[in-house]
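In what follows, chains are A, B, ... by sequence order, proteins preceding strands, each numbered from 1.
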Protein chains: 2
Amino acid sequence: MPGPYKWRHRFQGYVCRWTLPREAILDLLSRTSKHMSAKEIYATLYSMYPGIGLTTVYRTLDLLVRSGMINRLSFGDGQNRYEFRSGKKEEHHQHLICTKCGRIIDCSDLFTEQLELLKKAEDVLTKKYNFTVLDHNIEFYGLCEKCKKS
Amino acid sequence: MPGPYKWRHRFQGYVCRWTLPREAILDLLSRTSKHMSAKEIYATLYSMYPGIGLTTVYRTLDLLVRSGMINRLSFGDGQNRYEFRSGKKEEHHQHLICTKCGRIIDCSDLFTEQLELLKKAEDVLTKKYNFTVLDHNIEFYGLCEKCKKS
DNA sequence: AATGTTAATGATAATCATTTTCAATAATAA
DNA sequence: TTATTATTGAAAATGATTATCATTAACATT
């Protein structure tokens, strides 16, 4: 369990009480580069904090999503996954998903291309569909290094 | 129920027996512009073909996904959705998803931008991650016309 | 520091999408 | 027409997520 209330200040106005489970879940997600499911988060925290309940994990994840601290991802494997959301607006990244082993790789190398797509998209979508873009998501499916070999 | 076996020929080699449920499900998806869930497909077919079972719908959808006839989509609302896949490789489109009412709009207006992103992506991802891109997916989240007003 | 209010928790049960099981059916080859 | 076996559908099983509710604990007030 990390320093007592590292993340508390980011919740002013969102939540009444800052608690150990909330701190622990947000802290875990801020440290890992994995895209963890609720069960995985629960299992990880359980080892250092056996009192925690799976229900609380689900509830807290929901809270964190709603308050914009984390992203909920669904890759279609039957469970949602979560990732920490950096403060910076520009730090959008893509996910590479191996269709063979399910590995997920983060990729932030297409910054310029993405921005251009986005700029154009906002323009087109507003004019044609009167749709206001608030967020976007780009995924690439294919084969990772390991799976190509085998 | 449509003309007897309209889609049969596209299955040569994929499947042994071509049946009424398979025909009906594929035909329905080929006609609709909606992004239907298994339950919705089941309900629609049930009215004209009361013998059909939900299990068969799930199984057939799986078969159709595996053989490349349809796409499975997961927008994170707890159920998968399906769309017919046109033969043409280039006919990739994006989805606009209204975060308020859940409406899904198809959009094919970003053809050039998408191609350029993709071209660059394949290059970068191969070099940096040794990842082979087979497919991609782009989604825009925001507010649709109706939801902006209310 | 002690107290009271009530938000937050966690165990359990419920829900909902999807999968598995298995006996019955029907598509196709012989 | 018959035999083979892929396919079907009902029912049960699974697995992720949500709802219920009594208990606990955060924190504002004393």
A.B. asks: Given C/dA17, C/dT9, D/dA26, which nucleotide is nearest the side-chain atoms of B/Y58?
C.D. replies: C/dA17
A.B. asks: Are A/M36 and A/Y82 side-chain neighbours, meaning at least one heavy-atom pair lies under 4.5 Å?
C.D. replies: no
A.B. asks: Rounded to whole Å, how long is the line connecting atom CH2 of B/W18 with atom P of C/dA26?
C.D. replies: 18 Å
A.B. asks: Within the structure, does a side-chain N or O atom of B/N80 lie under 4.0 Å from either OP1 or OP2 of C/dT18?
C.D. replies: yes
A.B. asks: Do A/L63 and A/M69 belong to the same hydrophobic cluster, where Ile, Leu, Val, Met, Phe, Trp and Tyr are linked whenever their side-chain heavy atoms lie under 4.5 Å apart, directly or via other members?
C.D. replies: yes
A.B. asks: Using atom CD1 of B/I25 as one end and atom C1' of D/dT7 as the other, report the distance to the nearest whole Å.
C.D. replies: 12 Å
A.B. asks: Show the atom names and distances, to 0.1 Å, of all donor-acceptor pairs under 3.5 Å that link a side chain in residues 40-48 of chain B to residues at least two apart or in another chain.
C.D. replies:
from	atom 1	to	atom 2	distance (Å)
B/E40	OE1	B/S37	N	3.0
B/E40	OE1	B/R81	NH1	3.4
B/T44	OG1	B/E40	O	2.8
B/S47	OG	B/T44	O	2.7

A.B. asks: The side chain of B/R22 lies closest to which of these nucleotides: D/dG9, D/dT7, C/dT28?
C.D. replies: D/dT7
A.B. asks: Fit a plane to each ring of B/F140 and A/H136, take the angle between them on a 0 to 90° scale, and name the class: parallel (under 30°), tilted (30 to 60°) or perpendicular (over 60°).
C.D. replies: tilted
A.B. asks: So does A/R17 get a side-chain nitrogen or oxygen closer than 4.0 Å to the phosphate oxygens (OP1/OP2) of D/dA28?
C.D. replies: no
A.B. asks: How many Å lie between CG on B/L63 and C1' on D/dT7, as a whole number?
C.D. replies: 11 Å
A.B. asks: Any side-chain heavy atom of B/T126 within less than 4.5 Å of one from B/T132?
C.D. replies: no
A.B. asks: Please give, in whole Å, the distance from C/dA27 P to B/L20 CG?
C.D. replies: 9 Å
A.B. asks: Should A/T19 be listed as having a side-chain N or O under 4.0 Å from OP1 or OP2 of C/dT9?
C.D. replies: yes
A.B. asks: Rounded to whole Å, please give me the gap between CG in B/L61 and P in C/dT18.
C.D. replies: 9 Å
A.B. asks: For the atom pair CG (A/L117) and CG (B/L115), what is the distance rounded to the nearest 0.5 Å?
C.D. replies: 11.0 Å
A.B. asks: Look at the side chain of A/P21 and decide which nucleotide, out of D/dA25, C/dT9, D/dT8, has an atom nearest to it.
C.D. replies: C/dT9
A.B. asks: Round to the nearest Å and state the distance from B/D62 atom CG to D/dG9 atom C1'.
C.D. replies: 17 Å
A.B. asks: Expressed as a whole number of angstroms, how long is the span from B/F75:CZ to C/dA17:C1'?
C.D. replies: 17 Å
A.B. asks: Assign a letter to each nucleotide of nucleotides 10-15 of chain D from its 5' end: B, base within under 4.0 Å of a protein heavy atom; S, sugar-phosphate only; -, no contact.
C.D. replies: BB----
A.B. asks: When rounded to the nearest 0.5 angstrom, what distance separates CZ in B/F84 from CG in B/L26?
C.D. replies: 5.5 Å
A.B. asks: To the nearest Å, give me how far apart OH (B/Y46) and P (D/dG9) are.
C.D. replies: 11 Å
